[in-house]
Each structure stands twice: as structure tokens, then as C-alpha cells.
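Everything numeric here is computed off the predicted structure, so don't read it as measured data.
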Protein chains: 2
Amino acid sequence: MLKKERQELIIHEVNLHNKVLVADLSTKISVSEDTVRRDLIELSDEGRLVKVHGGAISNSFRNSYKHTDIYSLDQKKVIAQKAVSIIEDGMLVFTTGGTTLLEMLRILPQSLRATFVTVSVPGAFELLQHPHVEVIIIGGKLSRNAQIVVGGEAIHRIRKFNADLAFLGVNAIDTQRGITDNDYEVTLVKQAIIESSSHVAALTISEKLNTVQKIQVCPPGGYHSLVTELPPDHALLHPYQQSSTTIL
Amino acid sequence: MLKKERQELIIHEVNLHNKVLVADLSTKISVSEDTVRRDLIELSDEGRLVKVHGGAISNSFRNSYKHTDIYSLDQKKVIAQKAVSIIEDGMLVFTTGGTTLLEMLRILPQSLRATFVTVSVPGAFELLQHPHVEVIIIGGKLSRNAQIVVGGEAIHRIRKFNADLAFLGVNAIDTQRGITDNDYEVTLVKQAIIESSSHVAALTISEKLNTVQKIQVCPPGGYHSLVTELPPDHALLHPYQQSSTTIL
DNA sequence: AAAATTCCCGCAAAAACCCGCAGAAATTGA
DNA sequence: TCAATTTCTGCGGGTTTTTGCGGGAATTTT
């Protein structure tokens, strides 16, 4: 087999699988590992792939994830748009923390007149930028990780409210386990918010669909709306379709 | 699995859930915890995430706060230095809002171990950056102007505390009228804080000395320490010298 | 203060890498 | 065609990287 031919095969393989192992290529093309290694070095010098210890990865590999990172902001904006559409003037609205939630709070229309109750410090900060919303923060001990208020006192306060709507930032969601999180204190707060709200909207980017964390926040169907950046009839969302749930 | 591949997976996971645990990653990708730990260290060195005890948190989660320009920053730093010197480990400390206060909170030594109770949203945010302080925020309606919690509920909560020390951001101070402010709700909150603290330290830049606002917060001598950027024996401060007041 | 986690350091084994060499293969030029 | 020359390949052996593990230090939790 020609050297050139072999290298093209390697490129093809890399583009196909995003990564290759020296050992695999060696057996696959029946040449020594050293030869493969030398090919990878050449291809790497030509900038056609990125050599790493043990093999090589495609140029776009880092992009394949980074892609989602860059655009996750846009995704969150789409989610935020949808979420905003279900807020009505005069409502009492609960919000939790989380970057998706923050993004939503940021794009609230300036004209909106509503009362927001939040457990999130950065969330409160964001809400203060809006001239016509009244902001109430729940008091209590702050969780450094989540940057939200937690603890018995906070939960007690939350239960005093009877909100029309709750926006729940979601860490992981699954058709079997429902919404899950990895911080016990946070799950307690979210549960209290769910129980104190007439309508619960779960906000998440689609990547978190079908992922599971340690502790359950609420069972499948424990929320009334599911908001993602995908169109409501997207295949990924079909399993989440229930009579009690609206998919936005 | 390639090392690089594994690290990208970790980055992805961190960006997705804001936080990851070493143990979780270890089982998820079937490598030892040490390997995960080493990956986290490398990624942390590259600045792609922030390593913490037990796992890592995403960069964007920590950087969400932007430093805004603050008027006469240098003077406020001097004040902050002095103020910090009267805090002791284990104290329960009240703080109000105001840019001077914020500046002080920012330069608190990382090693300080104390509990802070605050009515200020940006103050809470700043305090959360300090690893060893417990942060409690008073709940209630937020004042858009002052970015602090106000109202009867908040005041009721404040009175439940018995703090060792209170840092009072000062709007105007005068030898005749004492500390004054122009927002009625805010004065009520500050009064409640004063009454709930054994020692009250008033923080102000010298420009505010000998100025008066509409509503009295407390009479001259109603505070125990006065902290400005001037040396304690400066002529401007002489009129404020009282037996009950320490000038820093 | 005690108990439990988590971290860190050094070690050793396995894997991957690199270097130089020599034979094989391809290329070149008459 | 054939020999000289260049390029390529596989291999031996030494070096580096990576990984898991033991055990003690540091940190967090109870």
C-alpha cells in the first residue's frame, strides 16, 4: 500500500470517528505502529489532524463539544423567549438559580409588570434591572455552590407563598427519574417551590435531557411545562409528552 | 479512551451541569479518581474550569459578576483596610449596602472565618467569593435604588439577630444630625441593624463628612466607630471625637 | 475532637514514544 | 536494464507518559 494512500485512509478514519488509536490503525492497515506514528506526525505537521498521546483526534473534535458551548448561549436565549411568553402581567412568579434561568431573567421585557420571588442572589441582581417588576428575595443561609438560599428557614418562607408560576432551572431530567439534582439542599428548595406554585415550568437545554443526577427533585410529570430550545415536536421530546405536560 | 478525549468530556460535563464531582466522573468514565484529579488539575491550569475540593465548577459560573467602576476607589480601599482590622474570627457581622461596603467585602482576607448577615444583594454576591465565611441574607422586598432588602418583614428578621459588629454604609454624616439618609425604608433597615448589634462601625469617605440628608438614621454618637480614609487625627475628624466613639 | 473524605506524593508497571540503524522498496539517471 | 541514490519500513532498546495504588497529609463533616 502506498504511503499516500495509507495517509488518506487515516484522514478518512479520523474524520469518521473523530479519533483514532495508533494500535487500531496498526492492525487495521497491517503496518507497524511506528509507521502509523510517523504518518500521524506528518499529517499533524500538515495540520490535517491533531496528534495526541496514543493516537490522534480530528481538528474539529474540540469543536464538536465547543460547538455546543458557544451556541448554548443562543439555545438559552431561545428557551428564555419561550419562557417569557408564558408570563403574564400581574403574576407572582418563583424562580430558582442556574445559568439558563439567569439568561431568561436578563431578556425579560422591560414592560413586564409582575412580582418575582427568587432564592437566587444573581437572579435577584438581574431582576433589579427591570423597572416594573417587584423583587422579593427569600432570606436564609446561602449555598456557595448554587448561589441560592437554602435551609429550613428559607423553605419555611417559600411555603408562605402561593405563586402562579415557577421557573425551575433543571440540572438533569429523564423520563424515568424525572428531574434530578446533585445537591440535597437545593433539591429541598426546589421541591418547596414546586409545591408552592400552581404551574411549574422546567427549563433546560436539550443536552440535559436523558441525564440523571443523584437526588430526585420531582418525578416525571411533576412539572406542567417543559421548555427546551428544540421545537416541541422534536423526536427527543416525544418520550416526555404526557397528558399533564405541555412541551414548549 | 484517549486522555484528551477524556478531558474534553469532563469540560463538557462541567459546562453542562456547572459542577462535577471527582467520584462521579471516576465511575462515569471508568478511571481512577487520581486520574480524574490529575485531569482536573491540568484543565484548571489551562483555565478551562475551576478546581475545588471534591470536584470542579465551570468558569462561567464563577465569572458572572462584573466589576463596575466605583467612584474614588482608592479612598475606599483605605477605609476597607481599616474596617477589616476590627473583624475577628468567629464574629457575627451585619453589613448594609453601599459601594464602600462592597469594596470592603471584596478585600476581606480569604482566611477570615466569620458569619455575615447582609441585606444587600451585591454584598451577598461578594461575600460568596470568600471560602470561609457563612453568608446569610435577610429576605424580603428589594429596594431597586439601594439594592438592599427593605420592609417590615426584613426588619422583623433583622431584630432576631444579635450581631457582634455592624458595618454601616453611610450616606451623610454630621456632628449635629448624626447619620442621615434620603430613603425612608433604608433608614428603617439601618436602624434595625444598629439596634441589633453590639458594636456599630460607620464607614464613609471624608467627602460625606458634614453633609446632611432628609432622614435621620441615628444621632451623633449613635455609632461606636467611625472609619474614613483620613488619618484618625485629621482636623476634619476632630469634631466627631467623642468619648463613646473611636475614630479609625 | 473524631471520623470520613479528599488530596497529594512517590513508586512501579504498562503503554506509548523516539532514535538510530539496516534492510527493503522505490526512484533516478545513464 | 541496472546500479546508485533516496525514501520508506520494521525493529531493538532506551526514554517519556500515563495510570493506578499505597499511605500519609490536608480538608471537610459530624
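- Nearest-nucleotide positions on DNA chain C for A:His53 and B:Asp34 put B:Asp34 closer to the 5' end.
- No contact: B:Val36 has no heavy atom under 4.0 Å from any strand.
- Put simply, CG on A:Asp24 is 14 Å from C1' on C:dA16, counting in whole angstrom units.
- Taking atom CD1 on A:Ile41 and atom C1' on D:dC8, their separation rounds to 14 Å, with Å as the unit.
- Contact annotation: B:Arg37 does not reach the phosphate of D:dG20 (side-chain N/O to OP1 or OP2, under 4.0 Å).
- In this structure, A:Leu2 places its CG atom 20 Å from P of C:dA24, rounding to the nearest Å.
- As a whole-Å value, the separation of B:Leu21 CG from D:dT29 P is 12 Å.
- In summary, B:Glu42 and B:Lys4 do not engage in a salt bridge, as defined by a charged side-chain N under 4.0 Å from a carboxylate O.
- When atom types are taken as modelled, the side chain of A:Ser197 and the backbone of A:Ile193 share a donor-acceptor pair closer than 3.5 angstrom.
- For the pair A:Ser32 and D:dT9, the criterion of a side-chain N or O lying under 4.0 Å from OP1 or OP2 is not met.
- Judged by distance alone, with hydrogens and angles left aside, the side-chain atoms of A:Asn182 form no donor-acceptor pair with the main-chain N or O of A:Lys214 at under 3.5 Å.
- Residue A:Lys3 places none of its side-chain N or O atoms closer than 4.0 Å to OP1 or OP2 of C:dA26.
- Rounded to whole Å, atom P of D:dT17 lies 15 Å from atom NZ of B:Lys4.
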Salt bridge (charged side-chain N to carboxylate O under 4.0 Å, His left out) between B:Glu33 and B:Arg37, worked out: CA-CA 6 Å; B:Glu33 297 201 353; B:Arg37 213 165 278 125; 3.2 Å; yes

